[in-house]
Amino acid sequence: MAALQRRQHRRGLVVLFMLLETLSGAGAGPIRYSIPEELNKGSFVGNIAKDLGLEPRELAERGLRIVSRDRTQLFALNPRSGSLITADRIDREELCAQSARCLVSFNILLEDKLNLYPIEVEIMDINDNTPRFLREELEVKISENAAPSSRFPLMEVYDPDVGMNSLQGFKLSGNSHFSVNVLSKADGPKYPELVLEHALDREREAIHHLVLTAMDGGDPVRSSMARILVTVLDANDNPPVFTQPIYRVSVPENLPVGTPVLSVNATDQDEGIYAEITYSFVRITEKISKIFCLNALTGEISTSANLDYEDSSFYELDVEARDGPGLQDRAKVLVTILDVNDNVPEVVVTSGSRSVAESVPPGTVIALFQVYDRDSGLNGLVTCSISGNLPFELEKSVDNYYRLVTNIELDREQVSLYNITVTATDKGMPPLSTEMLISLDVADTNDNPPAFPHSSYSVYVPENNPRGASIFSLTAHDPDSDENARVTYSLPEDTIQGVPLSSYVSINSDTGILYALHSFDYEQFRDLQLRVIAHDGGDPPLSSNVSLSIFVLDQNDNPPEILYPSLPTDGSTGVELAPRSAEPGYLVTKVVAVDRDSGQNAWLSYRLLKASEPGLFTVGLHTGEVRTARALLDRDALKQSLVVAVQDHGQPPLSATVTLTVAVADSIPDVLADLGSLEVQNNSDASGLTLYLVVAVAVVSCVFLAFVIVLLALRLRRWHTLRLLQASGGALVGVPASHFVGVDGVRAFLQTYSHEVSLTADSRKSHLIFPQPNYADTLLSQESCEKSEPLLTQEDSGFCKEGDSLVQQAPPNTDWRFSQAQRPGTSSSQNGDETGTWPNNQFDTEMLQAMILASASEAADGSSTLGGGAGTMGLSARYGPQFTLQHVPDYRQNVYIPGSNATLTNAAGKRDGKALAGGNGNKKKSGKKEKK
């Protein structure tokens, strides 16, 4: 039943304390809670989440935790409910002893913002301790002549509780001689005294047995009892008396063990055994009895253990002096402990990081730590500092907390690791200090672009370099680290003379080595301007560029080019005049040459390599001027040949030569006369040949004109016929195909007799050149028919398209057959069948072509005449007089080949068709032949 009432009483106290907690939380300052002592582990203290304005789920996210410098954690946080709970059973008497208020202070830390919230929890006392006598039995000796109202101190009573739960009073068992009185101090302990109410009579009652009961004011009341044995002594008139009722002494806390602190002294006016005094401690705790000791005979008090100001700074000792019969006197000894600076400051890091990005702004919190000193006064005042040359500073926070923050922007490229020494120094004498090292790594951010050592580069590359060769290497340095420092190289998109830059050079993106993709030519371009871009691997990437100038160095790869005298296109050499009256040093001509190279490779020197008359002419070494070295003599030849060499100064040197023909004469007619007389003597038949050539050209021109007139007449007639056919709309099935190719034969004949007459007045020679005809047989398909001929009108072209199928599908025509006498061949093969056919083997065909080509060659030679009569083309001289143009088969006729849709026609017609329809391809070849 008593236990049930006790639990109900505790529940009421809990409700009361929670109400007090709510009222105290409404004010400003720390968050305060109140709980009774002896609560079970995990008991509710207060709702931290609600008081901080947070949701319970935010506690873990924001890193809420308790920060306390006490070695034992009395409280904990419930992460699910967001409440403050007890971490173990709390004994107020063990925690706060006899203090009127028992406050437990600590801090709540939010890790995300490094905010501190002070918390105070007051531990309320409950009546869980019974008053306890130090001794359960006490003997008190009282002289029989003690006067009434004499007081005799009894044993001390201890009750660890406070307030109403502490010791409240005493009760003495019933008797007629004694009563109990309580001595108390304000907010201090209570001491019982035995009061003599009536005089004693040893003879009537020598011993009195008393029972003393001590009671507290709790509910329920707790009490304890002690037995007192009062012995009535014989009379002793004078008790011992201390020299002073209170002794005060101050000693430093570092006093060695065994050092005397104080000596008390008491005197007794009695003599003999009544004057023998002994000293002893009364009403002292067990802790004090271990620290101080008292010499019972001398009254000297000394230390028996180390003093510690931080543990207790003041001690109050009660000393009793008692003589032999039992009379006593008491005095107080007040010992004050003086603090000495014997504790170094302590630095405790509450929160911090080992790495910080270099891009953080000034004022970023790096670490949060607390400093404290167990000493007091100036010895406990601590100042905290760091080195002044660091980009950090300390900011004072609450409850001796400091923040380590940045004061400027960090730069990892200058300092990548900071070793920050935090020094905590107290103000004691001598001052004590402690140091704590905080290592901070500065994390890299991509804040530096790659940098080249130079703003521009120049590369000198000899021309004609091999393709793919490395010509230069660039390196850009990025002071960042890891991926932010990985540099890649590239070339921008650009063009050089209309050609992409990437076709000239390339760069290795990893190493920065520049490669030449082309063999450079100094004469094409002499320098190449480009930019090289370096990118790092950061996010976002940074870049820089540098200008690179590639200069192509000239190599001696071009020989000198002679501009004058220029080489004639016909293979002859130019002629320079030198009058016979020329004096030594006369400027005959000047050789002009250039070199496409530059510098020393383009320095030219001239020298006379060969001369038909040595010593007659000289060549200027640097000017190229050809001058006479001496006067011309009559015996000197009219025609002088000089070979002049032009050489550059490259390594190795290159050279070119030119042949000069110098005619020794005063004027051009003289030169022609002299050369003509020489030619006439050498060849007297040349003038006759020229006459024959002129006549031949005139005859051929007349024949050509006649053929042109005939050709025009035929074309008009054909055009008229086609108009009639188109108007009548009749079929052309019965018309032979050979009727439509007559014009082609005329064109072939005209082309065969195309000619060129070349007359040179200087040499008095004439050349008659006949182009070599081509009589190769050709197959004409529909493609040749579809080609337009400039000599045909639009109607002719249409007719060719419409009649194409008729020509291709016509039956074999026997008109092309001719007699054996008309068949081409040697002179011995003129006889044969009159109905001979086209040569039916390859040998005969090739023989025919060879004969025609041979005849054309004879016509072109100057040693043969036009030969054989008119219209023989010189064939009669080789193949017989009967072989004339009338014996040449009509190759213009189309030949039907069974099983094929093509017709065989003459080569001249095909050639004419191509020349007229497709362009001037054959004219170019003819032009070349005519020049030759």
Side-chain angles (χ1 to χ4, degrees), residues 134-135 138-156 177-178 180-185 188-189 191-202 206-208 228-251 255 258-285 288-304 314-337:
L134 292 180
R135 290 178 291 177
L138 177 65
E139 180 182 4
V140 179
K141 295 179 179 181
I142 302 175
S143 176
E144 64 178 344
N145 58 355
S149 301
S150 297
R151 298 175 183 270
F152 304 94
L154 300 177
M155 74 287 287
E156 189 175 5
H177 292 85
F178 301 95
V180 63
N181 185 33
V182 178
L183 294 177
S184 64
K185 299 179 180 179
Y191 304 101
E193 288 183 340
L194 189 64
V195 179
L196 181 60
E197 296 291 339
H198 301 89
L200 298 175
D201 187 0
R202 179 181 177 275
I207 296 175
H208 299 268
I228 300 175
L229 179 62
V230 178
T231 302
V232 181
L233 300 178
D234 194 11
N236 183 17
D237 299 336
N238 297 299
V241 177
F242 282 98
T243 55
Q244 58 189 49
I246 299 176
Y247 293 87
R248 291 182 172 86
V249 65
S250 298
V251 294
L255 195 68
T259 301
V261 176
L262 179 68
S263 292
V264 295
N265 185 26
T267 59
D268 194 331
Q269 295 181 2
D270 294 329
E271 294 181 357
I273 192 173
Y274 299 111
E276 295 179 359
I277 301 174
T278 59
Y279 302 93
S280 63
F281 285 128
V282 293
R283 294 196 300 269
I284 62 172
T285 62
I288 296 177
S289 64
K290 293 180 180 180
I291 297 176
F292 298 98
C293 61
L294 176 62
N295 190 319
L297 298 178
T298 62
E300 182 183 73
I301 301 174
S302 61
T303 59
S304 58
F314 180 79
Y315 295 95
E316 182 178 347
L317 308 178
D318 290 331
V319 180
E320 182 182 72
R322 184 185 292 271
D323 57 14
L327 296 179
Q328 76 274 350
D329 189 16
R330 291 184 178 181
K332 288 185 177 296
V333 178
L334 305 179
V335 180
T336 302
I337 308 300

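Atoms considered below: every heavy atom in the structure, side chains included; atoms not considered: hydrogens, waters and symmetry mates.
Distance alone, capped at 3.5 Å, places no donor-acceptor pair between the S302 side chain and the T259 backbone. Using a distance-only test at 3.5 Å, with no hydrogens or angles considered, no donor-acceptor pair links the side chain of T243 to the main chain of A266.
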request  = Could you please spell out the steps behind the side-chain contact (heavy atoms from CB on, under 4.5 Å) verdict for V261 and V333?
outcome  = CA-CA 10 Å; V261 176; V333 178; over 6 Å; no

Could you go through the side-chain contact (heavy atoms from CB on, under 4.5 Å) check for L229 and L138 one step at a time? CA-CA 6 Å; L229 179 62; L138 177 65; over 6 Å; no

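Between I301 atom CD1 and C293 atom SG the span is 9.0 Å, to the nearest 0.5 Å. Rounding to the nearest 0.5 angstrom, the gap separating the CD1 atom in I277 from the OG1 atom in T267 is 6.0 Å. In this structure, OG in S280 is found 8.0 Å from CZ in R330, a value given to the nearest 0.5 Å. T285 contributes atom OG1, which lies 9.0 Å from atom CG of L134 (distance to the nearest 0.5 angstrom).
Taking the ring pair (Phe, Tyr, Trp, His ring centres under 6.0 Å) definition, one finds that F152 meets it with nothing, sequence neighbours left out. Residues that satisfy the salt bridge (charged side-chain N to carboxylate O under 4.0 Å, His left out) test with R135, not counting sequence neighbours, are absent from this structure. Residues meeting the side-chain hydrogen bond (donor to acceptor under 3.5 Å, both in side chains) test with E139, sequence neighbours left out: T231. Contacts of R322 classified as side-chain hydrogen bond (donor to acceptor under 3.5 Å, both in side chains), with partners at least two apart in sequence or in another chain: E320, Q328. Applying the side-chain contact (heavy atoms from CB on, under 4.5 Å) rule to S250 yields the partners T336, L338; only residues at least two apart in sequence or on another chain are considered. Here D329 pairs with nothing under the side-chain hydrogen bond (donor to acceptor under 3.5 Å, both in side chains) rule; sequence neighbours left out. Evaluation of the side-chain hydrogen bond (donor to acceptor under 3.5 Å, both in side chains) rule for E197 yields S179 as partners, not counting sequence neighbours. For A331, the side-chain contact (heavy atoms from CB on, under 4.5 Å) criterion is met by F242, Y247, not counting sequence neighbours. Not counting sequence neighbours, the partners of H177 by the ring pair (Phe, Tyr, Trp, His ring centres under 6.0 Å) test are H208. Residues passing the side-chain contact (heavy atoms from CB on, under 4.5 Å) test with L334, sequence neighbours excluded: I246, R248, F314, E316.
Residues V195 and V180 are not in side-chain contact: their nearest non-hydrogen atoms beyond the backbone lie 4.5 Å or more apart. Annotation: side chain of L317 is not in contact with side chain of L262 (no heavy-atom distance under 4.5 Å). Residues K332 and D318 form a side-chain contact, since some pair of their non-hydrogen atoms from C-beta on lies under 4.5 Å apart. Between I142 and F178, some side-chain heavy-atom pair lies under the 4.5 Å cut-off.
Shortest non-hydrogen contact noted between F281 and F292 is CE1-O, 4.1 Å.
Checking N265, T278, D323 one by one against P240, the side chain to side chain contact (heavy atoms under 4.5 Å, CB included) holds for a single residue, D323.
Every pair passing side chain to side chain donor-acceptor pair (under 3.5 Å) that includes a residue from residues 288-300 is listed here, sequence neighbours excluded: N295-T298.
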